Amino acid sequence: MRERENILDEVFAHFLKGSRIFKNREVLRHDYVPDNLPHRREEILRLGEITAPALKGSPCSNVLIYGKTGTGKTAVVKFVLNKLAQKAEEVGSPVKVCFVNCRLAGTEYRVLAALCSSINVKVPFTGLAVGEIFDRFRKNLESQGIIFIVALDEIDALIKIRGDELLYELTRINEGLNQSKVSIIGISNDLKFKDLLDPRVLSTLSEEEMVFKPYTADELQDILMERAKIAFYDGVLSEGALKLCAALAASEHGDARRALDLLRVAGEIAERKGDRRITEEHVREAQERIEHDQVYESIKSLPTHSKLVLLSVYLINKMDPDRCFTGDIYNLYLEICEQMGISPLTQRRVSGLINELDVMGLLNSRIVSLGRYGRTKKIGLGVSRRIIMDVFSEDDRFRYIISYKPKSISLRQNDS
DNA sequence: CGTCCACAGGAATGACGGGCGG
DNA sequence: CCGCCCGTCATTCCTGTGGACG
């Protein structure tokens with residue numbers, strides 16, 4: 001405990017002294033929109049052309065934008081809309097823009113509330129029917145006579161949970177408006193998201209479509225370079241470190257978000273160690289830490305029975321990795337349940353849980369046939385034993401189980 | 001060459017909880 | 001506020017199957 005405090009003291013001291021690494025850490029956050037977006041010139045121009053008619057008071061086409069995470073969709077849309085709003089103010093066009101993240105908003109109501117507040121309509125946080133708030137939105141829009149451009153980010157998240165009703169209403173809203181027009185920019189991470197939409201909505205919404213391709217390693221390098229200039233002091237970032245960040249992120253579907261995370265975490269690690277330069281070594285460590293944190297969180301947030309299954313695999317794996325079949329796991333799982341006074345699930349269900357863990361990458365399973373001795377699944381751990389120990393030793397309910405001695409397994413071993 | 005093991009994994013059904021319309 | 005509906009999780013019952021063994 002005392003050691004921890006000392007470590008913290010050091011961190012605080014560093015912080016108070018002022019960073020020797022970071023000039024401006026903010027620009028490495030992924031919600032930051034830079035002034036310059038390398039390698040997205042085409043996309044910016046295209047979106048600019050699509051939305052430009054709004055400046056002359058005519059409505060613009062609806063747009064649907066796809067692309068995986070970290071391909072610059074959000075940044076490009078925010079960038080273009082900001083410029084557009086600026087220009088509109090300059091020339092006195094009645095253009096209003098609104099950017100909503102649907103996943104963060106969570107419900108139709110809150111999306112609509114965001115739209116309302118962007119045209120200066122006050123609505124209560126909650127309490128109104130969705131239809132009511134929609135009417136208010138429409139009435140005020142009409143009376144103000146504006147060209148309204150709505151960007152709905154992570155629109156797939158809202159559709160998956162709530163259905164496409166809101167989108168349907170929004171695409172039809174122009175029919176009842178004379179003075180005003182609404183245009184929609186939909187942004188989706190999911191390429192198959194179109195399948196979830198009502199064809200009528202889809203045809204209205206996708207008057208224009210844009211697909212954002214993943215960045216290549218070289219492109220990522222340019223992006224990182226731009227940000228690094230602002231984020232770090234001169235000479236802090238080694239070229240090798242930057243290249244490695246780009247390469248690692250490129251191998252992971254060209255995710256700029258990941259690349260920036262790597263750079264930021266590498267910087268934090270260097271800072272904490274008191275080093276003056278960010279090296280490839282720091283980046284590797286950052287990669288491990290990000291990876292570790294993700295796995296750690298995913299295990300920690302598992303439902304109880306999934307944890308118990310994982311724990312069973314862990315224990316068997318520790319004793320005898322060659323004997324890790326579904327039946328063995330289930331027996332041990334039953335034992336542990338009894339130990340902990342938890343009523344166990346059926347084998348069918350546990351088999352399903354094993355599959356879920358397999359999909360998550362926490363387990364590796366493959367079907368094997370033992371001929372005369374049946375057909376089953378051989379299961380291994382997908383992550384290091386260390387990290388599983390870390391998670392479970394933090395949890396009071398499980399702490400004592402990690403050193404549990406399986407009865408059924410040792411018995412069977414004695415048999416043979 | 002058929003048998004039969006030890007499961008895989010599909011289908012139907014039930015229990016539960018949370019949101020929604022009236 | 002209540003009943004209703006829907007989605008999720010779990011159980012039950014089921015059919016399917018690769019290959020060593022006899």
Side-chain angles (χ1 to χ4, degrees), chain A residues 102-113 123-137 156-170 190 192-193 195-198 298-313 315-317 320-338 340-382 397 406-409 411-413 415-416:
Chain A
C102 300
R103 193 174 49 79
L104 293 183
T107 66
E108 296 181 2
Y109 186 93
R110 273 181 275 179
V111 172
L112 277 167
V123 290
F125 296 106
T126 177
L128 294 181
V130 174
E132 167 66 17
I133 193 173
F134 193 80
D135 282 345
R136 287 197 196 182
F137 173 64
D156 46 323
L158 189 67
I159 302 303
K160 275 176 195 158
I161 303 169
R162 308 275 161 169
D164 55 7
E165 199 139 320
L166 175 67
L167 269 182
Y168 181 68
E169 295 296 335
L170 272 179
D190 187 348
K192 292 177 301 177
F193 143 85
D195 304 342
L196 302 173
L197 283 180
D198 187 311
S298 68
I299 295 177
K300 219 173 121 173
S301 60
L302 245 32
T304 308
H305 286 283
S306 296
K307 281 184 179 159
L308 292 175
V309 172
L310 186 62
L311 205 48
S312 304
V313 177
L315 288 170
I316 295 179
N317 184 283
D320 185 359
D322 288 333
R323 288 195 77 287
C324 194
F325 303 109
T326 303
D328 302 309
I329 293 169
Y330 188 63
N331 287 333
L332 181 51
Y333 163 82
L334 290 177
E335 259 180 59
I336 295 176
C337 281
E338 192 177 331
M340 297 180 66
I342 294 173
S343 52
L345 304 176
T346 58
Q347 173 155 332
R348 177 70 188 87
R349 183 58 191 143
V350 167
S351 160
L353 292 181
I354 290 172
N355 285 339
E356 286 171 22
L357 291 170
D358 189 11
V359 170
M360 292 177 70
L362 297 176
L363 296 180
N364 296 315
S365 69
R366 65 171 210 279
I367 300 168
V368 292
S369 178
L370 274 21
R372 187 65 252 266
Y373 304 104
R375 202 168 111 88
T376 178
K377 260 185 169 173
K378 183 159 189 173
I379 292 140
L381 283 175
R397 287 182 306 160
K407 273 181 264 170
S408 49
I409 298 301
L411 271 178
R412 285 218 227 153
Q413 266 185 327
D415 281 359
S416 57

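All values derive from a computational prediction rather than experimental measurement. Proteins get letters first, then strands, A, B, ... in listed order; numbering begins at 1 in each.
Looking only at side-chain heavy atoms (C-beta outward), Ile336(A) and Leu315(A) come within less than 4.5 Å of each other.
As rounded to whole Å, 9 Å separates atom C1' of dC9(C) from atom CG of Leu345(A). When the C1' atom of dA6(B) is taken as reference, atom CD1 of Ile329(A) falls 14 Å away, rounded to whole Å. Rounded to an integer number of Å, the gap from CG of Leu308(A) to P of dC9(C) is 16 Å. In this entry the distance linking NE2 of His305(A) with C1' of dA10(C) reads 10 Å, nearest Å. Between the OH atom of Tyr330(A) and the C1' atom of dC7(B) there is a distance of 13 Å, given to the nearest Å.
Residue Lys377(A) places at least one side-chain N or O under 4.0 Å from the OP1 or OP2 atom of dG9(B). OP1 or OP2 of dT11(C) lies within a sub-4.0 Å distance of a side-chain N or O belonging to Thr346(A).
In this structure, Pro344(A) and His305(A) approach most closely via the heavy-atom pair CA-CE1, 4.5 Å. Residue Ser298(A) comes nearest to Leu302(A) through the heavy atom pair O-CD1, 3.3 Å, listed as atom of the first residue, atom of the second, then distance. Listed here is the closest heavy atom pair of Gly382(A) and Asn364(A): CA-ND2, 3.6 Å. Nearest heavy atoms, Leu332(A) versus Ser312(A): CD2-O, 3.5 Å. Between Ile354(A) and Thr326(A), the shortest heavy-atom contact is CD1-CG2, 4.3 Å. For the residue pair Leu357(A) and Val309(A), the shortest heavy atom distance occurs at CD1-CG1, 4.0 Å.
Of all the residues in residues 350-368 of chain A, Ser351(A), Asn355(A), Ile367(A) reach under 4.0 Å from DNA chain B with at least one non-hydrogen atom.
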Collect all protein-nucleotide pairs involving nucleotides 16-18 of chain B in which both atoms are nitrogen or oxygen and the distance is under 3.5 Å.
none

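Which of dA10(C), dT12(C), dA8(B) sits closest to the side chain of Arg349(A) comes down to dA10(C).
Listed by chain and number, the residues in a salt bridge (charged side-chain N to carboxylate O under 4.0 Å, His left out) with Arg397(A) are Asp395(A) (sequence neighbours excluded). For the salt bridge (charged side-chain N to carboxylate O under 4.0 Å, His left out) test, residues two or more places apart in sequence or in another chain that qualify with Glu356(A) are Arg349(A). Under the ring-ring contact (aromatic ring centres under 6.0 Å, His included) criterion, Phe325(A) pairs with no residue, sequence neighbours left out.
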Exercise for the section: Please test Asn355(A) against Leu363(A) for side-chain contact (heavy atoms from CB on, under 4.5 Å), starting from the C-alpha separation and ending with a verdict. Expected result: CA-CA 8 Å; Asn355(A) 285 339; Leu363(A) 296 180; over 6 Å; no

Completion exercise
Protein heavy-atom contacts under 4.0 Å, written 5' to 3' over nucleotides 13-22 of chain C as B (base), S (sugar-phosphate only) or - (none), form the string B---BBBBS-

